[in-house]
Amino acid sequence: MKTDTVSDSCWIRPLLPPEIFVAEATIESAHTETGLLAGLFSEEREAIARAVPRRQAEFASGRRLAHQALKQLNGLACAIPVAADRSPLWPAGIIGSITHSESVAAVAVTRVGGAWQALGIDLANIQRFEPDLARVICTPAELIAALPLALVFSAKESLFKCLHPLTKVWMDFSDAEIRLSSDSEFVAVLTKDCGHFANGTVITGRWREHAGTMCTAICLPTSG
């Protein structure tokens, strides 16, 4: 897979601090000469072997980017198996997040014990969000604020990816409310208790639109 350079396409990198390692690329949508699942570890190939080609492409792109990000971080790539809840199983000492839209994928990783205790990133194709989805994605306050559906969806996905490894609690769209604080930042306010994060907890994230894609990211400070 050819990773896009920062000057060509950069989705998540601008939203994250420099000490977090990021890999980003377009998704390969067709089999290559060496095979769609080339470069994956055996555990990864087995996890996706029965999926349709499009899902294999998304999964493989994310895992190959994860290998690249881990090499940047500690010089060693390793398998990222799939947990029972379908989330990535990162190696000991690593926290990370994987995301993809229909056309691009991104991975962010950092070490445990640093400035951040959890990460969540998300990419969403803006064109896929029809107005009818608002009643599923948005709270009444979000509907009144007329926030972009892609932003609300993506911000909540980033929030879930950030909190779930810490809490193991599944969240619905109604369990958090998104509010814009600037043209590059949002806050997610929990509307119910989520593990040790109480109802009303405010968590800050960043967002941007790039090349038809909504990009969101949350870094939860270790002291948070």
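By convention here, the first residue in the shown sequence is residue 1. Only heavy atoms go into these numbers, but all of them, side chains included; no hydrogens, no water, no symmetry mates. Since we're looking at a predicted model, the values are computed, not measured.
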Please report the interatomic distance CG(L15) to NE2(H210), rounded to the nearest 0.5 Å.
10.5 Å
When you compare the side chain of F153 with that of C138, does any pair of heavy atoms fall below 4.5 Å?
no
Here the pair of heavy atoms bringing S101 nearest to E58 is O-OE2, 4.4 Å
Donor-acceptor under 3.5 Å (S61 side chain, A57 main chain)
yes
Anything under 3.5 Å between a donor and an acceptor, one on a side chain of residues 172-183, the other on a protein residue two or more places apart or in another chain? List them.
from: D175; atom 1: OD2; to: D172; atom 2: N; distance (Å): 2.7
from: D175; atom 1: OD2; to: K192; atom 2: NZ; distance (Å): 3.4
from: E177; atom 1: OE1; to: T139; atom 2: OG1; distance (Å): 3.0
from: E177; atom 1: OE2; to: R179; atom 2: NH2; distance (Å): 3.3
from: S181; atom 1: OG; to: E185; atom 2: O; distance (Å): 3.3
from: S182; atom 1: OG; to: S184; atom 2: N; distance (Å): 3.1
from: S182; atom 1: OG; to: S184; atom 2: OG; distance (Å): 3.4
from: S182; atom 1: OG; to: E185; atom 2: N; distance (Å): 3.0

Which pairs pass side chain to side chain donor-acceptor pair (under 3.5 Å) with one or both residues in residues 144-157, sequence neighbours excluded?
D122-S154, E142-K156, S154-T216
SG (C162) and CG (L220) are apart, to the nearest 0.5 Å, by 4.5 Å
Please check if the side chain of T213 supplies one atom and the backbone of L123 the other of a donor-acceptor pair under 3.5 Å.
no
For V187, the rest of its hydrophobic cluster, which grows through side-chain links under 4.5 angstrom
V189, V202
Closest non-hydrogen atom pair between C194 and T167, with its separation
O-CG2, 3.6 Å
V109 and I95: side chain to side chain contact (heavy atoms under 4.5 Å, CB included), yes or no, with the steps?
CA-CA 6 Å; V109 296; I95 57 174; over 6 Å; no
Side-chain donor or acceptor of Q117 paired with backbone N/O of P221 under 3.5 Å
yes
For V104 against I27, the heavy-atom pair lying closest together:
O-CD1, 3.6 Å
Does L119 form a side chain to side chain contact (heavy atoms under 4.5 Å, CB included) with T110? I'd like the steps, not just the answer.
CA-CA 9 Å; L119 303 174; T110 192; 4.1 Å; yes
Which word best sums up how the rings of F160 and W170 line up, parallel for under 30°, tilted for 30 to 60°, or perpendicular for over 60°?
parallel
Do R63 and F41 come within less than 4.5 Å of each other through their side chains, counting heavy atoms only?
no
One pair to check against side chain to side chain contact (heavy atoms under 4.5 Å, CB included): L163 and K168. What are the steps and the verdict?
CA-CA 8 Å; L163 294 187; K168 304 304 179 185; over 6 Å; no
Checking R64 against F59: charged group under 6.0 Å from the ring centre and within 45 degrees of the axis?
no
Which heavy atom in N125 sits nearest to a heavy atom in G212, and how many Å separate them?
OD1-O, 3.7 Å
V136 with L147, same ILVMFWY side-chain cluster at under 4.5 Å:
yes
Under 3.5 Å: donor-acceptor pair, side chain of Q56, backbone of I48
yes
The reported gap from CG in L73 to CD in Q68 (rounded to nearest 0.5 angstrom) is 13.5 Å
Look only at the side chain of R208 and the backbone of W11, and say whether a donor-acceptor pair between them is shorter than 3.5 Å.
yes
For W90, enumerate each residue passing the side-chain hydrogen bond (donor to acceptor under 3.5 Å, both in side chains) test, keeping only those at least two apart in sequence or located in another chain.
none
Say you draw a straight line from OG of S97 to CD1 of I121; how long is it, rounded to the nearest 0.5 Å?
4.5 Å
On a heavy-atom basis, which atom in V169 and which in G195 lie closest, and how many Å separate them?
CG2-N, 3.8 Å
Looking at residues at least two apart in the chain, or sitting in another chain, which of them share a side-chain contact (heavy atoms from CB on, under 4.5 Å) with P148?
L151
Taking the side chain from R206 and the backbone from C215, do they hold a donor-acceptor pair closer than 3.5 Å?
no
What residues form a ring-ring contact (aromatic ring centres under 6.0 Å, His included) with F186, not counting sequence neighbours?
none
Is the backbone of L190 close enough, under 3.5 Å, to the side chain of T201 for a donor and an acceptor to pair up by distance?
no
Nearest 0.5 angstrom please: L143 CG to L149 CG, how far?
8.0 Å
L76 backbone acceptor or donor facing K71 side chain under 3.5 Å:
no
Would you mind reporting whether L70 and I94 have side-chain heavy atoms less than 4.5 Å apart?
yes
Hey, are Q72 and H67 close enough side-chain-wise for a donor-acceptor pair under 3.5 Å?
no
Which value, rounded to the nearest 0.5 Å, describes the distance between L65 atom CG and I98 atom CD1?
8.5 Å
Do the non-hydrogen side-chain atoms of S87 and P165 ever get within less than 4.5 Å of each other?
no
Identify the heavy atoms of L166 and F197 that sit nearest to each other, and give their distance.
CD1-CZ, 4.0 Å
Would you sort out whether F129 and M214 count as a side chain to side chain contact (heavy atoms under 4.5 Å, CB included), showing the intermediate values?
CA-CA 11 Å; F129 290 91; M214 181 61 66; over 6 Å; no
Do W116 and V112 share a hydrophobic cluster (ILVMFWY, side-chain heavy atoms under 4.5 Å, transitive)?
yes
